[in-house]
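By convention in this document, chain letters (A, B, ...) are assigned in the order of the sequence lines, proteins followed by strands, and residues within each chain are numbered from 1. These numbers come from a predicted model, not from an experiment. Below, each value reflects all heavy atoms present in this structure, side chains not excepted, and no hydrogens, waters or symmetry copies.
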Amino acid sequence: MAEELSSNYQPNEVEAAWYQRWLDAGCFHADEHSDREAYSIVIPPPNVTGILHLGHVLNNTIQDILARRARMEGKEVLWLPGTDHAGIATQSKVEQKLRKEDKLTRHDLGREKFLEQVWEWKEKHGGIIINQLKRLGCSCDWERERFTMDPEYSKWISKIFVDLFNEGLLYRGKRMVNWCPKSLTALSDEEVIMKPQKSKLYTMRYRIAGEKDRWVEIATTRPETLMGDTGVAVHPDDKRYKDLVGKTVIRPFPEAEIPVVASDHIDPEFGTGVLKVTPAHDKADFDIGVKNGLEIIDVFTPDGKVNGHGGPDLEGLDRFEARRKAAEKLEEMGQLVKEEDYENNVGFSERADVPIEPRISMQWFLKYPCKDEAAEAVAGGDIQFRPERWKKTFAHWMENIQDWCVSRQLWWGHQIPVWYKKDKSEELQNRESLDAESAGADLHVGVDPPEDAENWERDPDVLDTWFSSWLWPFATMSDCDADEKSDTLKKFYPTTDLVTGPDILFFWVARMIMAGYRWEGQLPFKNVFFTSIIRDKQGRKLSKSLGNSPDPLHVMDSLGADAMRFSVMRAAPLGNDVRFIVDKDKDGNESYPQVEEGRNFATKIWNAVRFRQMQGEADAQPGKPAIYAIDILKKLDSLEKNVANAYEDYRFNEIASLLYEFWWNQYCDWFLEAAKQDFAEDADPAAKAATLASMDRVLRRFVILLHPFMPHLTEELWEKCALREEDGAEFLMLTRLPSDSVLDGIESDKIGGAVKAVSDIYEAVGRARNLKAEYNLAANRNVKFILDPEDTDFSEGPVFCRLAGAKELELQPGFEAESGVPVALTPIGKIYMPLEGLIDKDAEKNRLTKEMEKAEAELKKVNAKLSNENFVSRAPEEVVQENKDRQSEWKAKVEELQQMIDNLG
RNA sequence: GCGUGAUUAGCUCAGCGGUAGAGCACCACCUUGACAUGGUGGGGGUCACUGGUUCAAACCCAGUAUCACGCACCA
C-alpha cells in the first residue's frame, strides 16, 4: 500500500486541495452528449449578495450527496448552480450604504447611476456565497452557473411576460395591495407574515346626524385612519342598529357626514358591532366600499405618513404617532369612550419587517397558468413530495390561489417589458384596468423595445424576483429565442430531484410547476425533497437578529467541512426540524457538540486506516479468510443493502447512522481488534495476508459508500491507500459502486457458521470483561480464564484473550472449580476466573444473585407469553418459536445460576 | 376557526406492531503499539395522558393536554 499517514487528520488542507483537484480535472462538469442515464438537480438559487447559513449547509449537502451518489451509480449528473438577484434585499442593502456613506437616496442618483452601483455591489459580494458552497464541497457544474439577471435569462423573463400578456393572463389594475412603507413597493400575499401584536382597542363614539344627542359607539385599532372613513357598517340583522342603516353619522375630523351601511361581513359580537369603513386602507373595507359606492380616501403618503387629509394636527406624522394623536384628539372632543389593551394579528413585510399598509394602487397581476396540470401533477403523484404531507398544504394553496401581484416599485430587477405611447402614457397608466384586449396600439408589450423607442415611455416598475425564479429549471438550460431545444435541456429536463425548504413551497415550488407545464409542456422535476428547518437549542428559528445563527465557515474551519456535513445529515431526520446546538464557554468561544461527533468520526476512520497502513504489505499467499473476516464482510454486505434502501427513501440520517455504526462499533471495536491476532510477530503469514486482503476489501467498499457524505476525507484515503483499481476512474468521486457482492469468493455455506461463531465469541468476551470489571481487574492483563467449553474443539482462545485482555484461556471440559470462584455463563461455555485471593463467597453470591434476578425476570416475561393460549394459537409460528427458544435459554440460565449459587453454600 | 407536525434516558434525537436504542453528559477503571478527537465496564426510561383495536402497542385508531408550524381571520 501507498503512503504513510500522519498521526492526525488535518481536514482543512486536505479539503481545499481536493476541491481544487476535482475542479481542475472537470469532475463536476455534465456532458449533455453523454449516453449515460441523466440525473439532474437545479440549485435553489441563493441571494447573490447573501452569505452561507446553516440552512444552505443542510440543503446543499443533501444535493451534493444525491449528486455524488448518482455519479457513483454511473449516471450523467448535472447539478446546476446559480444565484438570484433578490430584488428588495439587494436594493435595500445598496440604498442603506448610500444613505450611510453619502447621505443620498436612490432618487438623488437617478435610476441609471443607482443601478450601476448595485451591479458594483453585486460584483463585489456576488462571489462570496458561491465560494462558500465550494468550501462545503459542492460538486456543482460551475461552468453552467447562472444568475437571474444574466442577459439570456432576462430575455426569458420578458418572453414569458409577453406570452402571458397576450394570453390575457397578465393585466394591470387598480387594486388593494400589500404595501410596504419601508421598501416603498407592493408585495405579494406570500411576502406578508401575520404577527400577533400588543395593541389597543379604542372605542369611540360618533354622533348620528339629524338626531338629538344620539351616538353610536365604534371599536377600532386604527383611529389614525379615521380621516379616510367614508362610512360606518353594521350587520343587516343587528336589531340594535337596524334603524340606522340609510342614515348618516358625523365623522369627527375632518368633520363630515358619512353613511351607515349594512354588511354581512360585520360580526355583531365583536366590539360594539359597528365598523368604521376605510376603503383605502383595509381589504374588507374596500369591498364594502365598492358595494356601497363609498368614496375612497387615501390618508397616507407612500412611506406611511399622514398626508394632507390629516389636517394641521396630523399631517406629516408617522402612522403610529398619528394613532396616539388621533386618540388624543378624540379624547379632547369627548368622543373617546375607552381604550383597552388588545392583542391582534398584524401583517408584516417579510423582508423589511414593518407593518404592511393595505393600499389601493395600480399594479400588474397574473392569473396563474396551468393551475390544473400543476395541482394534478402533485395530487396524482407524477411529482412526489417528501415528506408526503406537504401535498395537502400544496393542494390547499392551489385551491385558494389568488392572482399574483408581480410588479414591484423597485429599480433592481427585470423591468417590465411594457411601453406606453408618450402622449397617451398618463391616460393609459391611470386606467382602472389594462390588458391585451383593452390596450390597443398605444401599448407595446414585447421582448424588444418598439422601433421608435423615443416616442415611448417604459413602465418603470420591475418584476417580483420570484417571477424570475419560477423559470429556473428550464431557463437555466436554454435560450428562449433558440430555434430548437438545447442539448442540455433535452438531456437534463425534467430534472430529477429538487431539494428545498418547505417555507418556499408557495413562493417557488408551486410556481415552478406551473411554469414548467406552461413553457416546457411538462413537469420541472420528479421529486421534491423538503428539508428540515434548522433551529437553535431552544427551538427557535435561526436568525440574524436573534444572533443564534452560527457561522458555518467558522464551524468548517474549526472542525472540517466533512465533519459538518456528516453531523448535519446525522441530525436531520426526514420531515422534522433539527436543532443545531451551540455551546458557549465563559469566554464566549463557541463549540458545536454535534459537529464534534462528525470530527471524531473522521479521526476514527483516519486512524483505523493508519493502522492498516502500518501493517505493510502481505508477504505470502493469502490463506482462507478467518471467521472474523467473514463476519465483517457479511456485515458490510448488509450495510450496502441497507444504505441502498435508505437512499430510495431519502433517509439521509439513517444512512449516516448506518455508516457510523458499522465503522465504529463493528469494524473498529471488534473486527480490527480481532485482526490484530493475525498481525502479531509470530502470526501465520498466510493468515496475515488473508486478513490484510479482507481489510482492504472492507476499506475500499466502505470508503465508496461514505464518499457522498464525507467526500474530501474519503478521496484522500482513496489516494493514500491506493485503493483505485487498475482500470478504475481517476478519482473516487468518479468510481462506480461495485456491482459484485462483497461476499463473492467466500463459500456461502461457511458464512452462517462463521457469523454465529463470531457472535458467540464476542458475547463471551463481553461476559469476561464484565467479570474482570466486577472484580476490579479491568486493567489486569494477566488474568487467566478457564473455559468449560460447549464445544471441545474450541480453538479461538488467542483471539478471545486479546479481546478480553487476558493472559490465557485454558480449556478444561467438565472443570470443577473451587467453591466461590467467579464464573460467567457464555455461549461458548462456562468461563471461570480463578485468581489467588479472589475467593470471596459473599461477593460472588451477590453478583450471581443479581444476575439470577435479571434472568428470572426475563423468564417470567416469556413464560407469561407462552402460557397465554391466545398467543400460542394466534401469533405467527416463527414468533412463537422465537419465544420458545428464549424460554429454554433463560430457563437453562436460571437453573445453572441457581446451581452455582447453591454450590456457594 | 381549519390544517399539519411534535411529545421516548439529564440534553439532542433515532426507532413506528413481536426482547426499549444512539451520541453527548454522568460514575468507575485504563495513557496497552491505530485513535484520549481514544478504550473497557456501568448507572439511568411506567416511550405526554385516557380510552380502543390486537394473542401482542412506544409503534395502529379515537380523544385530551402541552409546544411548534402553516392557512384564514373580528375591525
So which protein nitrogen or oxygen atoms get under 3.5 Å of nucleotides 51-56 of chain B's nitrogens or oxygens?
{"from": "rC55(B)", "atom 1": "OP1", "to": "R874(A)", "atom 2": "NE", "distance (Å)": "2.6"}
{"from": "rC55(B)", "atom 1": "OP1", "to": "R874(A)", "atom 2": "NH1", "distance (Å)": "2.8"}
{"from": "rC55(B)", "atom 1": "OP1", "to": "R874(A)", "atom 2": "NH2", "distance (Å)": "2.5"}
{"from": "rC55(B)", "atom 1": "O2'", "to": "N868(A)", "atom 2": "ND2", "distance (Å)": "3.0"}

By side chain to side chain contact (heavy atoms under 4.5 Å, CB included) - contacts of [X] (at least two apart):
{"X": "I193(A)", "answer": "E350(A)"}
{"X": "D557(A)", "answer": "R135(A)"}
{"X": "N782(A)", "answer": "N780(A), K807(A)"}

Show the distances under 3.5 angstrom between N or O atoms of the protein and N or O atoms of nucleotides 13-17 of chain B.
{"from": "rC13(B)", "atom 1": "OP1", "to": "R579(A)", "atom 2": "N", "distance (Å)": "3.4"}
{"from": "rC13(B)", "atom 1": "OP1", "to": "R579(A)", "atom 2": "NE", "distance (Å)": "3.4"}
{"from": "rC13(B)", "atom 1": "OP2", "to": "R579(A)", "atom 2": "NE", "distance (Å)": "3.3"}

Using a heavy-atom cut-off of 4.0 Å across all strands, would you classify I218(A) as base, sugar-phosphate, or nothing?
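Nothing, no nucleic acid heavy atom in range.
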With a 4.0 Å cut-off, would you call K676(A) and E673(A) a salt bridge?
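Counted as a salt bridge, because a side-chain N and a carboxylate O are separated by less than 4.0 Å.
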Hey, could you give me the CZ/CZ distance between F385(A) and F529(A), rounded to the nearest 0.5 Å?
13.5 Å
Are the side chains of I605(A) and L706(A) in touch, meaning some heavy atoms are under 4.5 Å apart?
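In contact.
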From the set [options], return the single nucleotide nearest to any side-chain atom of [X].
{"X": "I581(A)", "options": "rU12(B), rA75(B), rC71(B)", "value": "rU12(B)"}
{"X": "N607(A)", "options": "rA34(B), rG39(B), rA75(B)", "value": "rA34(B)"}
{"X": "A284(A)", "options": "rA34(B), rC74(B), rA75(B)", "value": "rC74(B)"}
{"X": "N344(A)", "options": "rA75(B), rG18(B), rU32(B)", "value": "rA75(B)"}

List for me each residue that meets salt bridge (Lys or Arg N to Asp or Glu O under 4.0 Å) alongside D267(A), sequence neighbours excluded, and say none if there are none.
none
Contacts of D678(A) meeting salt bridge (Lys or Arg N to Asp or Glu O under 4.0 Å) (sequence neighbours excluded), chain-then-number -> none
Phosphate oxygens OP1/OP2 of rC35(B): is one of them under 4.0 Å from a side-chain N or O of K676(A)?
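Checking rC35(B) against K676(A), no side-chain N or O comes under 4.0 Å of OP1 or OP2.
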Once hydrogens and angles are ignored, does a donor-acceptor distance under 3.5 Å link the base of rU4(B) to the side chain of R389(A)?
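For R389(A), whose side chain was compared with the base of rU4(B), there is no donor-acceptor pair (under 3.5 Å).
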Regarding rA34(B), can its base be found pairing with the side chain of E673(A) as donor and acceptor, where the two atoms are less than 3.5 Å apart?
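Such a pair is found, so the answer is yes.
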Between the protein and nucleotides 41-45 of chain B, are there any N/O to N/O pairs under 3.5 Å, and if so, what are the atom names and distances?
{"from": "rG41(B)", "atom 1": "O3'", "to": "N770(A)", "atom 2": "ND2", "distance (Å)": "3.4"}
{"from": "rG42(B)", "atom 1": "OP1", "to": "N770(A)", "atom 2": "ND2", "distance (Å)": "3.2"}

I need the full list of ring-ring contact (aromatic ring centres under 6.0 Å, His included) pairs touching residues 855-881 of chain A, with sequence neighbours left out, sorted by first then second residue.
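Applying ring-ring contact (aromatic ring centres under 6.0 Å, His included) to every pair that reaches into residues 855-881 of chain A, excluding sequence neighbours, yields nothing.
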Give me each pair satisfying salt bridge (charged side-chain N to carboxylate O under 4.0 Å, His left out) with a member in residues 652-666 of chain A, each pair once, sequence neighbours excluded.
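Every salt bridge (charged side-chain N to carboxylate O under 4.0 Å, His left out) pair that includes a residue of residues 652-666 of chain A, provided the two are not neighbours, is R651(A)-E654(A).
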Polar-atom pairs under 3.5 Å, protein N or O versus N or O of nucleotides 24-29 of chain B: list them with distances, or write none.
none

Consecutive-pair stems (3 or more, Watson-Crick or G-U, under 3.5 Å) for RNA chain B
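Stems for RNA chain B, defined as runs of 3 or more consecutive pairs: B:1-7 with B:65-71, B:10-13 with B:21-24, B:26-30 with B:38-42, B:48-52 with B:60-64.
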